[in-house]
Amino acid sequence: MLSLLDHLNREQLQAVTLPNQHALILAGAGSGKTRVLTTRIAWLIQTGNASPASILAVTFTNKAAREMIARVSAMLPISTRGMWIGTFHGLCNRLLRAHHRDAGLPQLFQILDSQDQLAMVKRVLKRLNVDEDRFPPREVQWFINDAKEEGIRPPALAVHDEASRRHAELYAAYEEQCRQEGAVDFPELLLRCYELLERNEPLRAHYQARFRHILVDEFQDTNRLQYRWLKLLAGGGNALFAVGDDDQSIYAFRHANVGNMADFEREFRVPNVIRLEQNYRSHGNILDAANALISHNRKRLGKNLWTAAGEGDPLRVFEAQTDGYEASFVAEEVQSLARDGLARREIAILYRSNAQSRVIEHALFTQGIPYRVYGGLRFFERQEIKHALAYLRLLANPDDDGALLRVVNFPTRGIGARSVEALQDAAAARGTSLWQAVGHLTGKAAAAVGSFARLIATLRESTRGLPLAETVEHVLHASGLLEHYRGERDGTDRVENLEELVNAAAAFTQDEFAAAQLAAPEGGGEAIDPLNAFLAHAALESGENQAAEGVDAVQLMTVHAAKGLEFQVVFITGLEEGLFPHEQSAHDPDGLEEERRLMYVAITRARARLYLSFAQTRLLHGQTRYNVASRFLDELPAGVLKWLTPRGRTPLDDAAWRAAPPVVRPRRGDRGAPALPYRIGQNVVHAKFGQGVIVGAKGSGADAQVQINFGANGMKWLQLGIAKLEPA
DNA sequence: TGAGGGATGGGACCA
DNA sequence: CCATCCCTCA
């Protein structure tokens with residue numbers, strides 16, 4: 001009856017048209033997950049099952065939220081205005097702004113990103129004279145975030161020894177500092193929002209009555225606190241529609257808890273569990289490989305992808321002697337694919353860790369192939385942007401100590417550590433912000449800091465009432481930031497970024513979505529002025545990488561960054577034991593399963609063609625490492641693979657043999673001693689451990705030992721005189 | 001104050 | 001090897 005539902009398969013249709021009950025949709029890679037989610041929303045509204053205002057849809061990334069809004073808008077004749085669609089953090093921010101008094105926050109609270117948070121932790125540690133060797137700031141930060149994600153405040157912490165007592169104190173001191181500065185970090189957004197809803201019964205009832213339909217994307221990535229937050233909102237008979245894929249859970253390291261899927265099913269007595277297993281993305285061979293690989297994991301809810309498309313090309317496997325050769329191979333393939341007419345943007349080169357990109361970039365650059373690297377610093381995380389934002393934060397709230405400290409002497413204006421310390425002492429003595437302590441300074445510090453304070457005061461005055469973009473522009477000039485970077489030898493990029501910030505401000509003002517989201521908070525709270533809205537936007541939206549659109553470029557990124565994307569052709573590089581699976585995960589079973597899911601994600605990115613490659617030797621951290629092929633290659637069905645190089649590890653060629661150091665060096669005086677049979681890099685076979693490669697040696701004569709990488713069977717030190725080794 | 005030397009350590013990510 | 005941090009010295 002409805003064109004909305006055309007072309008959905010049986011399971012998709014079933015999911016989209018479920019009654020108003022909890023549902024868990026196990027959506028395999030490429031199974032039309034986003035389509036189901038967005039069509040569900042459109043269907044609920046179109047059929048009158050739900051009003052726009054009763055919809056709450058949660059994602060993890062701004063990109064996913066934007067895509068959801070765009071697709072829902074395209075399906076419905078009405079505006080998406082009334083719906084709440086956003087990230088966990090964005091939605092919590094919205095709730096907290098609207099009810100800041102109930103939440104115990106100033107209306108203009110500042111959001112700290114992890115950099116800001118770390119700086120804040122450092123400041124607290126310094127003030128309390130904490131030994132940073134015993135309590136490294138990063139660890140303290142980690143501890144605080146960990147506690148918050150478990151929903152634990154300092155008084156509730158379990159204190160069992162001196163260290164944990166100290167941690168609890170530091171956490172409390174950090175919280176106090178945040179309160180004083182009106183600052184809120186990322187986990188705090190969630191926890192504060194959770195506590196608000198939990199304690200404030202009328203408010204909770206209000207939102208429970210409103211959001212009859214709660215939809216969650218990437219449910220496998222939720223942490224414990226997010227799960228509890230959802231549980232709270234879903235109380236009172238609301239329907240929680242969770243979409244996720246346990247096989248694509250790759251964020252355990254940032255506290256994602258896959259167990260939430262099973263917990264959800266059990267605790268909510270979910271009546272509807274639907275599996276979407278038909279894949280619309282990849283050819284059969286690629287899916288067969290993915291299915292076979294993931295079947296090695298024990299902890300799964302269980303799913304098997306299939307496709308109506310043909311089996312397509314086999315997976316091409318390439319073994320290189322060095323990482324350099326591997327990179328050239330990839331570059332040459334890319335070149336030839338492009339010559340055959342494939343758009344370069346349809347080609348992705350994936351790797352496990354960022355350090356691997358360098359060799360590949362070099363090879364692409366040498367062959368003149370345009371490429372684009374994802375990851376690295378985002379726009380709003382760049383130092384010049386953070387500096388500019390710090391000035392803007394001071395305009396919005398001069399009591400923002402973090403912002404003040406960041407730019408009080410940047411660009412340098414003769415305010416040294418001495419003056420800053422005097423200011424901090426003055427503030428501590430009176431229990432005020434740094435800004436308020438400026439007037440109480442004496443001597444040299446008073447003059448220098450005083451001139452900075454006047455600069456800020458003047459800026460506040462002169463930008464009052466100006467449009468946002470003009471405010472930003474004015475600040476860039478008056479602060480001396482632009483001038484400073486213009487004078488720097490490599491400052492052109494930074495100057496361009498600063499100019500881009502003006503554009504971003506202008507675009508933000510016009511952006512209807514952002515304006516609507518922030519100008520009219522629920523419950524009739526005061527509207528937030530554009531500057532504060534922009535600052536919140538900058539903190540929550542770290543800014544997609546530079547907008548260098550236009551050039552058709554090959555895409556380079558980590559496997560993590562590739563999640564959710566798809567390409568015509570995918571290269572998975574560095575398939576070596578120790579690298580992928582990463583050595584720090586290879587030892588524990590859970591870690592290994594996560595690595596395998598990561599490989600699963602990588603494989604399922606490819607539509608038509610997939611290359612798998614690895615190198616025998618790789619320059620990592622400045623030294624050559626000798627690796628064996630990843631066990632993941634062995635876990636793929638031989639029938640779908642096509643080896644481009646002879647199957648199995650090729651022995652060292654003559655040149656490599658001569659270059660490789662002998663395992664046991666002749667002792668001094670042993671001139672002309674015959675070369676011993678083993679060399680670093682050589683392949684050997686051991687009766688028990690199987691195939692391996694010699695990666696190190698020590699000792700001499702009868703005591704000589706060799707270190708051998710047996711891949712999945714581990715790294716072993718063996719006594720040359722005893723172990724039964726055969727050259728392979 | 002800030003440039004430059006030496007030690008250090010190195011997985012992945014989004015808000 | 002490289003980036004980052006801390007510390008020294010001009």
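Note that the structure is a prediction, hence the values are computed from the model and not measured. Note on naming: letters A, B, ... go to the chains in the order of the sequence lines (proteins, then strands), and numbering restarts at 1 for each one.
To the nearest whole angstrom, the two C1' atoms, one in B:dC14 and one in C:dA3, are 23 Å apart. Annotation: C:dC5 and B:dA12 have their C1' atoms spaced 23 Å apart (nearest Å). Atom P of B:dC13 sits at a distance of 15 Å from the matching atom of C:dT4, rounded to the whole Å.
Counted by atom type alone, A:Gln117 and A:Asp185 present one or more donor-acceptor pairs between their side chains at under 3.5 Å. In the model, A:Arg393 has no side-chain atom that pairs as donor or acceptor with a side-chain atom of A:Asn397 under 3.5 Å. Side chain to side chain, A:Gln616 and A:Tyr626 fail the donor-acceptor criterion of an N or O pair below 3.5 Å.
In this structure, the ring of A:Tyr600 has its center no less than 6.0 angstrom from the ring center of A:His296. Taking the six-membered ring for Trp and the full ring otherwise, A:His100 and A:Phe109 have centroids separated by 6.0 Å or more. For A:His99 and A:Tyr207, the ring centers sit closer than 6.0 Å to each other.
For A:His560 and B:dC14, the NE2 to P distance is 10 Å, given to the nearest whole Å. Regarding A:Phe186, its CZ atom lies at a distance of 12 Å from the P atom of B:dC14, rounded to whole Å. C:dC6 atom C1' lies 16 Å from atom CZ of A:Arg138, rounded to whole Å. In this structure, A:Leu620 atom CG and C:dC1 atom P are separated by 13 Å, rounded to whole Å. When rounded to the nearest whole Å, the span between CD of A:Gln356 and C1' of B:dA12 equals 11 Å. The distance between atom CD of A:Gln248 and atom P of B:dC14, rounded to the nearest whole Å, is 15 Å.
Residue A:Arg254 places its side chain closer to B:dC13 than to any other of B:dC13, C:dC2, B:dA12. Side-chain proximity of A:Thr61 to C:dC2, B:dC14, B:dC13: nearest is B:dC14.
Taking the charged nitrogens against the carboxylate oxygens, A:Arg228 and A:Glu198 have no contact shorter than 4.0 Å, which rules out a salt bridge.
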Quick test: give all pairs of protein nitrogen or oxygen and nucleotides 7-10 of chain B nitrogen or oxygen below 3.5 Å, distance rounded to 0.1 Å.
{"from": "B:dG10", "atom 1": "N3", "to": "A:His621", "atom 2": "ND1", "distance (Å)": "3.3"}

